[in-house]
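Below is one structure, written out as structure tokens; comments come after it.
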Amino acid sequence: MSHTSGVRQAQKAKTRRALMDAALRLLEDQSLSSLGLREVTRAVGVAPAAFYRHFRDLSDLGVTLVEECLGSLHHMIRAILADQDGDEERIDATVEAVAEHVRRYPAHIRFIARERHGGVRAVREAIAAELGGFADEVAAAFAPSLSPEGWPPEDVRMLAELYVDHMVMTATAFLEAQAAARGGTGAGPRVGQAEPGAVQEEARGQEVIGAGRPGPLADPREARPGRSEDERRVAATARKQLLLISLGRRHWRDG
């Protein structure tokens, strides 16, 4: 690849990232179905025609955001399921990891929570597909211990879906708790305020490409200092709920 071609590709990637980050900021107070393409390009400082070099339309951009956000969660939970054996250890690691992921990427979680049942069909289907794949992975992790106990595949899958739905619910609860701790009325920073890892309005001049993309998490157990009272309450409730699911699992086949 020539130097000129490399520079062009880098600039294209930076503009694509800026469009995604601008959309996330603008979606703080509205749904994707109400967002205008010109709003996004205006925020980035490019012509509307430039948008189509990166995405077919706004729903295509939304699907990309879904894959980016939930794809990173897949890696996180897969690692927890592989590394933790006991129920309580898995529960603690899951709750802490979800809390830290929400803290780092509130705009992504807010987008998923709002659009899961939103008005853009392609995005709803993308979220459902990602969460379905998520449930498949959890079911595959549970199957070796549950199948010998007589659990049919459909029951293992149902249990996995319970865990996945609970993670989504917990992420939303952490989002609201973190917003309350900031003293805001909505979840996440306001448009124009700094957000950890996000590309700001001046993204077109930023040198780091992909700064707003969810990446690997640090050890979630190191993220506890500084948690608000509301966040601690959400974490405690989430642990109890997961323990209750775990208890029900142990006795599911008793009858």
_Before you tell me yes or no, could you show the steps for E154 and R157 under salt bridge (Lys or Arg N to Asp or Glu O under 4.0 Å), namely the whole-Å CA-CA distance, both residues' side-chain angles and the distance that decides it to 0.1 Å?_
CA-CA 5 Å; E154 59 269 23; R157 169 72 187 204; over 6 Å; no
*For C69 and H108, which heavy atoms make the closest approach, and how far apart are they?*
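Result for this residue pair: SG-CB, 3.6 Å.
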*Taking every non-hydrogen atom, the tightest pair across H166 and A238*: CE1-O, 3.5 Å
Tell me, do [X] and [Y] make a side-chain contact under 4.5 Å, heavy atoms counted?
{"X": "L131", "Y": "R116", "value": "yes"}
{"X": "T41", "Y": "V44", "value": "no"}
{"X": "E176", "Y": "V234", "value": "no"}
{"X": "R227", "Y": "E96", "value": "yes"}
{"X": "H101", "Y": "F174", "value": "no"}
{"X": "T94", "Y": "T170", "value": "no"}
{"X": "I112", "Y": "E130", "value": "no"}
{"X": "D87", "Y": "R250", "value": "yes"}

Nearest 0.5 angstrom please: [X] [atom1] to [Y] [atom2], how far?
{"X": "M20", "Y": "L65", "atom1": "CE", "atom2": "CG", "result": "4.5 Å"}
{"X": "D92", "Y": "E88", "atom1": "CG", "atom2": "CD", "result": "7.0 Å"}
{"X": "L162", "Y": "S246", "atom1": "CG", "atom2": "OG", "result": "12.0 Å"}
{"X": "R53", "Y": "K12", "atom1": "CZ", "atom2": "NZ", "result": "9.0 Å"}

_Using 30° and 60° as the class boundaries, would you call the ring planes of Y163 and F142 parallel, tilted or perpendicular?_
perpendicular
*Atom CD of E39 with >12 non-hydrogen neighbours under 6.0 angstrom*: yes
*Measure from the side-chain N and O atoms of R114 to the backbone N and O of L27, and report whether any donor-acceptor pair falls under 3.5 Å.*
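Yes, because the side chain of R114 sits within donor-acceptor range (under 3.5 Å) of the backbone of L27.
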*Q241 and L244: side chain to side chain contact (heavy atoms under 4.5 Å, CB included), yes or no, with the steps?*
CA-CA 5 Å; Q241 290 168 335; L244 185 60; 5.5 Å; no
_Where at least one partner belongs to residues 34-72, residue pairs that pass ring pair (Phe, Tyr, Trp, His ring centres under 6.0 Å), sequence neighbours excluded_ = F51-F55
*Does a side-chain N-to-carboxylate-O contact under 4.0 Å join R17 and E68?*
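Here R17 pairs with E68 in a salt bridge, since their nearest N and O are under 4.0 Å apart.
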*Just by distance, with hydrogens left out, do D230 and S228 show a side-chain donor and acceptor under 3.5 Å apart?*
no
_With side chain to side chain contact (heavy atoms under 4.5 Å, CB included) as the criterion, how do D155 and R253 come out once you've worked through the C-alpha distance, each side chain's angles and the decisive distance to 0.1 Å?_
CA-CA 10 Å; D155 285 8; R253 304 297 298 170; 3.6 Å; yes
